[in-house]
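Numbering of ligands and ligand atoms starts at 1, following listing order.
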Amino acid sequence: EEAISLTDLSQRLGVKANDLIRKLMRMGVPAQINQMLDVDTAQLLAADYDYTVEKAGYIEEEFISAVEDRPEDLVSRPPVVTIMGHVDHGKTSLLDALRHANVAKGEAGGITQHIGAYSVQTAKGPVTFLDTPGHEAFTAMRARGVQATDVAVLVVAADDGVMPQTVESINHAKAAEVPIIVAINKVDKPEGNPDRVKQMLAEHGLVPEEWGGETIMIPVSAKAKLNLDQLLEYIALQSEVLELGANPTKPASGVVIEAKLEKGRGPVATVLVQEGTLKVGEAVVTGTHFGKLRAMTDDKGRPVKEVKPGYPVEIVGLSGVPSAGDEFHVVKDVRAAEEVAKNRELQERKKELTKTSKLTLEEIFAKA
Ligand code: GTP
Ligand code: MG
C-alpha cells in the first residue's frame, strides 16, 4: 500500500526530489515528482540517507494475539527437563540410555556443542528433555536451556565430583527458579565416591534428602543402566507437583532451541512449543524472520503435521536463521508474519543508528 509521496519523502530526508527520482530510475523504477511510494520503496530510499521509515500506528500486538486461558482450556503437558552439568560427566550418555539411542558416540570429539531436544515416553507419560553442552565455552546455551525448563537434572560424575560448570549449572537453575534433581553418574566406576559428591554439593547449598535437606540425589550409571527408572520416577514426581498445563487450542507460540542453515532445506530451527498447537502450513514469525511452515519433523526424523504444547519439533520454511532463545508466534498469514518481522528489523536498524550517532557525539566530546 502507498505510504508517502516522493516530494514529501524528499523534504523529510532533506534531499532533492530529483535525486530520489534518479535513484529510483537506477533501480529500474519509473518515477515522477508527485508519485506515491509504498513503505518498502520509501524504506529503501531512506536507508541510503541513514534514515528509517516507520508505519505510523503500527502495533505488534494486533498481529500476535494474546489469548487469555480459561482454567478449562488447560490440558496437562509433558515436563521440559534440562540435563546440565560439567563437561564429560555423562549428560548425553545418560539421555541416550533413557531414550535407548546413541547420540554421544556420533559427537565430534565426544563433546556436545548444541542443545538437543528429545521426547521420551516413560511409564508416567512423555517427558521432553533438553541436552545441553557442559564445555565451559557454552555458558549462554546452558543459561538459555534452563529458561524454557520445568526441572533441571544436574549430572555429576561420581569420580570427578563438583566441577566449575557443575557450580555454574546450579547457579543457572537457581536464577531461573527451576527445581534441581541430582543424578550422580558413573557409579559403576570403582573410584566413584557418591558420598564425597554429596558432601561437595552440600557445600554449594544442595543438601541431599537423606541428610535432612531438600534435594533428591540418585546414584546412576548411564553405562551400566543403573537406576534409570528411578530417575524417571523422580522427574515425573517433581513434574506432577508443578501441575503443568497449557492451552492447545490457541495459536502456537514457544521458543527457538537452536537453528542452523542446512544445505537443500534452508533455515532449520528446533523449537519448543509452549502454548497452542503448531501446524504445518501456518505462518510464523520469530525475531526478524518469518515464513510459512513447509514441513515439521519430530526428534526421530519423522514428519509430523501438528505439535502440541510441551513438545520439541524441527521446522523448515523460515526466511532466515533465528537466534536460539528467540520466541516464535503463529500469526494469521504470511503477510502478517512478514509485516511483524520487517517492523522488528526496522526497530533494530533504528537502534543501531542511534547507537552510531551517540558514538559520534561521544567522539566529539572526547576530542573537545
Ligand atoms: P558434554 O556434552 O561434552 O559436556 O559431555 P557429556 O556430559 O554429554 O558426556 P558424555 O555423555 O559425552 O560422556 C563422556 C564420557 O563419559 C564418555 O566416554 C562416556 O562413555 C563416559 N560415560 C558416561 N556415562 C558413564 C557411566 O555411567 N559410566 C562410565 N564408566 N562412563 C560413562
Ligand atoms: Mg553431551
For [atom], the protein heavy atom that lies nearest, with its residue and separation:
atom	result
atom 13 (O) of ligand 1	S93 OG, 3.4 Å
atom 12 (O) of ligand 1	G110 O, 3.5 Å
atom 27 (O) of ligand 1	A222 N, 2.9 Å
atom 25 (C) of ligand 1	K186 CG, 3.6 Å
atom 28 (N) of ligand 1	D188 OD1, 2.7 Å
atom 3 (O) of ligand 1	T112 N, 3.1 Å

**Prompt:** Mind checking whether the Mg ion (ligand 2) has an N, O or S of T92 under 2.8 Å?
**Reply:**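 It does: T92 brings an N, O or S atom closer than 2.8 Å to the Mg ion (ligand 2).
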
**Prompt:** Below 2.8 Å, any N, O or S contact between T112 and the Mg ion (ligand 2)?
**Reply:**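 Short answer: yes, at least one N, O or S atom is under the cut-off.
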
**Prompt:** Which of the listed options, H135, K91, E107, K189, holds the heavy atom that is closest to atom 4 (O) of ligand 1?
**Reply:**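 The nearest heavy atom belongs to K91.
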
Checking [X] side chain against [Y] main chain: does a donor-acceptor pair fall under 3.5 Å?
X	Y	result
T277	P248	yes
T82	L130	no
D38	T41	yes

N/O to N/O below 3.5 Å, does that happen between [X] and ligand 1?
X	result
G134	yes
G90	yes
K223	yes
D88	yes

**Prompt:** Ion pair present between R77 and D150, side-chain N to carboxylate O less than 4.0 angstrom?
**Reply:**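 Counted as a salt bridge, because a side-chain N and a carboxylate O are separated by less than 4.0 Å.
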
**Request:** Considering only NZ, NE, NH1 and NH2 on the basic side and carboxylate oxygens on the acidic side, decide whether E240 and K124 come within less than 4.0 Å.
**Result:**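 Answer for the salt bridge query: no.
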
**Message:** Below a 4.0 angstrom heavy-atom separation, can you tell me which part of N185, side chain or backbone, both or neither, approaches ligand 1?
**Reply:**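 Only the side chain of N185 comes within reach of ligand 1.
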
**Item:** Location of contacts on H89 toward ligand 1, heavy atoms closer than 4.0 Å
**Value:**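 Answer for H89: backbone.
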
**Request:** Heavy-atom contacts with T92 under 4.0 Å: which atoms of ligand 1 show up? List them by number with element.
**Result:**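 Under 4.0 Å from T92, ligand 1 has these atoms: 2 (O), 6 (P), 8 (O), 11 (O).
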
